[in-house]
There are 2 protein chains.
Amino acid sequence: MAERSIQVCIVDDDDLIRETLAMIIGGTPGFEVVSKYTSGDEFLDQGGCTDEAVILMDIDMPGTRGTDCVARYKSEHPDAQVLMLTVHEDIEAVFESLRAGAIGYMVKHTPPARLLQAIEEVHLGGAPMSPEIARKVIGSFHPNTQNPLSEREVEVLRMLCDGENYKTIAEALFISANTVKAHIKSIYTKLHVNSRAQAVQTALKNRLV
Amino acid sequence: MAERSIQVCIVDDDDLIRETLAMIIGGTPGFEVVSKYTSGDEFLDQGGCTDEAVILMDIDMPGTRGTDCVARYKSEHPDAQVLMLTVHEDIEAVFESLRAGAIGYMVKHTPPARLLQAIEEVHLGGAPMSPEIARKVIGSFHPNTQNPLSEREVEVLRMLCDGENYKTIAEALFISANTVKAHIKSIYTKLHVNSRAQAVQTALKNRLV
DNA sequence: TTGAAAACTACCCATTCGGGCGATTGACCG
DNA sequence: CGGTCAATCGCCCGAATGGGTAGTTTTCAA
């Protein structure tokens, strides 16, 4: 029984890159370029592509940025499989893309063979990433080693995140509510915040707990 | 100039798997098994290994679990490179390991060639993951599609996360503080929480904002 | 058209929070 | 030995929060 070719859609404003990619992919058995777009806006306006296709999306494009393009398209096509391509490894752009719904992230200087492998990986349910990028993404899970808080403060902050009040925290740590308050004041100072909500946000985003 | 072999340390309680891995890795040019341990406790007690080595750590072991072992070891050796191995793809164990400081995650039924490649990838600064696992990890960045909140409530929640108070939110959204309060009440009900801190935690952990 | 949900507004009230000021003890460091 | 910092505790007070109750209007789907 014949294997179905993997359908690929390319969105890139750079003519040379787009056509080169199309040629490489289209010329490889088992792959098929079903559509090409020269901008994110064109992609969105003209209906994108089938949900089965793997979408190669450039991140630096004039008009709608690749990241926003993914977010907009994903809201209409939740099953779309988007593989981002970029020239530089701006880590913030990576996270933005992932939050928008991209499933993989490759730098553009990736050898063609590896890129084809990545497309196939997406098609088979993986999430290919260039090594440098993967390392950074995984690093975002790691606990912050430069935690300015003392151990006791981390304990308090942990309970703060769970929505406990002075009294409850005090009882759990066998100290007075006034002391809890003192710890919280100290936490606020160190984190440069002045409310529980901000403290929780900072704690979770910077992996302090 | 001669390439230096990649040093590998193996921690696994299963004799067959451990010795098989050691044989495969040790028998491959460019790789060298520098130490083997039969449990996490043994690994920790006997000082582990050099920081240059790639550590293959089984996740299911009697005594100290692989995950805790990583966390404990990492606190002493922040530069340790740990690649987790597991038989089952328990996603929670994956996240626990990553939070503990692991740099990669492979399922045990991975073909030897791919495993060697993964070890090399760790050594070169990557973060190898089995495709199924990578997909789940990346998926954790994606916005929650089953957000029970209305659009307005999401707007309010977003500002709540930033620590804004009733008045500020009201001014930003051009509504009265009483309405903001009503929205927040509704948010609390839907998220089953009753404080800002809990709401922020729920919002960030479930990617509602 | 009827009903449900969302968005909007208002008021009361007890509790909680955040900021400011001050204080003691013990540990650790130079 | 003096200095710094973490951890502990206390008090005052104005502002913010959470819960309860009670409406109107709009919007959208059945």
Which pairs, with at least one residue in residues 55-70 of chain B and sequence neighbours excluded, count as a salt bridge (charged side-chain N to carboxylate O under 4.0 Å, His left out)?
B:Asp58-B:Lys108, B:Arg65-B:Asp68, B:Arg65-B:Glu96

Describe, as an angle rounded to 10 degrees, how the axis at the first end of the helix from C:dT1-D:dA30 to C:dG30-D:dC1 is tilted relative to the axis at the last end, five pairs per end.
60°

Under a 4.0 Å heavy-atom cut-off, which of residues 154-164 of chain B touch DNA chain C?
none

Output all residues satisfying ring-ring contact (aromatic ring centres under 6.0 Å, His included) with A:Phe141, sequence neighbours left out; order by chain, then residue number.
B:Phe95, B:Phe141

Within the sub-3.5 Å range, which N or O atoms of nucleotides 23-30 of chain C have a protein N or O partner, and how far apart are they?
none

Using the side chain to side chain contact (heavy atoms under 4.5 Å, CB included) criterion, which residues pair with A:Glu52? Sequence neighbours excluded.
A:Gln7, A:Thr50

Collect all protein-nucleotide pairs involving nucleotides 8-15 of chain C in which both atoms are nitrogen or oxygen and the distance is under 3.5 Å.
| residue | atom | partner | partner atom | Å |
| --- | --- | --- | --- | --- |
| C:dC8 | OP1 | B:Arg152 | NE | 3.4 |
| C:dC8 | OP1 | B:Arg152 | NH2 | 3.1 |
| C:dC8 | OP2 | B:Arg152 | NE | 2.8 |
| C:dC8 | OP2 | B:His183 | NE2 | 2.9 |
| C:dT9 | OP2 | B:Ser176 | N | 2.6 |
| C:dT9 | OP2 | B:Thr179 | OG1 | 2.7 |
| C:dT9 | O5' | B:Thr179 | OG1 | 3.3 |

Sequence neighbours left out, cut at 3.5 Å: what donor-acceptor pairs do the side chains of residues 97-106 of chain B make with other protein atoms?
| residue | atom | partner | partner atom | Å |
| --- | --- | --- | --- | --- |
| B:Ser97 | OG | B:Thr67 | OG1 | 3.3 |
| B:Ser97 | OG | B:Ala93 | O | 2.9 |

Partners of A:His77 by ring-ring contact (aromatic ring centres under 6.0 Å, His included), sequence neighbours excluded?
A:Tyr73

So does B:Lys190 get a side-chain nitrogen or oxygen closer than 4.0 Å to the phosphate oxygens (OP1/OP2) of C:dA6?
yes

Output a table of donor-acceptor pairs, distance under 3.5 Å, between side-chain atoms of residues 124-135 of chain B and any protein atom two or more places apart or on a different chain; print 'none' if there are none.
| residue | atom | partner | partner atom | Å |
| --- | --- | --- | --- | --- |
| B:Ser130 | OG | B:Val107 | N | 2.9 |
| B:Arg135 | NE | A:Gly125 | O | 3.4 |
| B:Arg135 | NE | A:Gly126 | O | 2.7 |
| B:Arg135 | NH2 | A:Gln81 | OE1 | 3.4 |
| B:Arg135 | NH2 | A:Val122 | O | 2.9 |
| B:Arg135 | NH2 | A:Gly126 | O | 2.8 |

So if I take residues 192-209 of chain A and measure heavy-atom distances to DNA chain C, which residues fall below 4.0 Å?
A:Asn194, A:Ser195, A:Arg196

So, OP1 or OP2 of C:dC17: does either fall under 4.0 Å of a side-chain N or O from A:Tyr166?
no

Inter- and intrachain pairs under salt bridge (charged side-chain N to carboxylate O under 4.0 Å, His left out), touching residues 141-163 of chain A, at least two apart
A:Arg152-A:Glu155, A:Glu153-A:Lys190

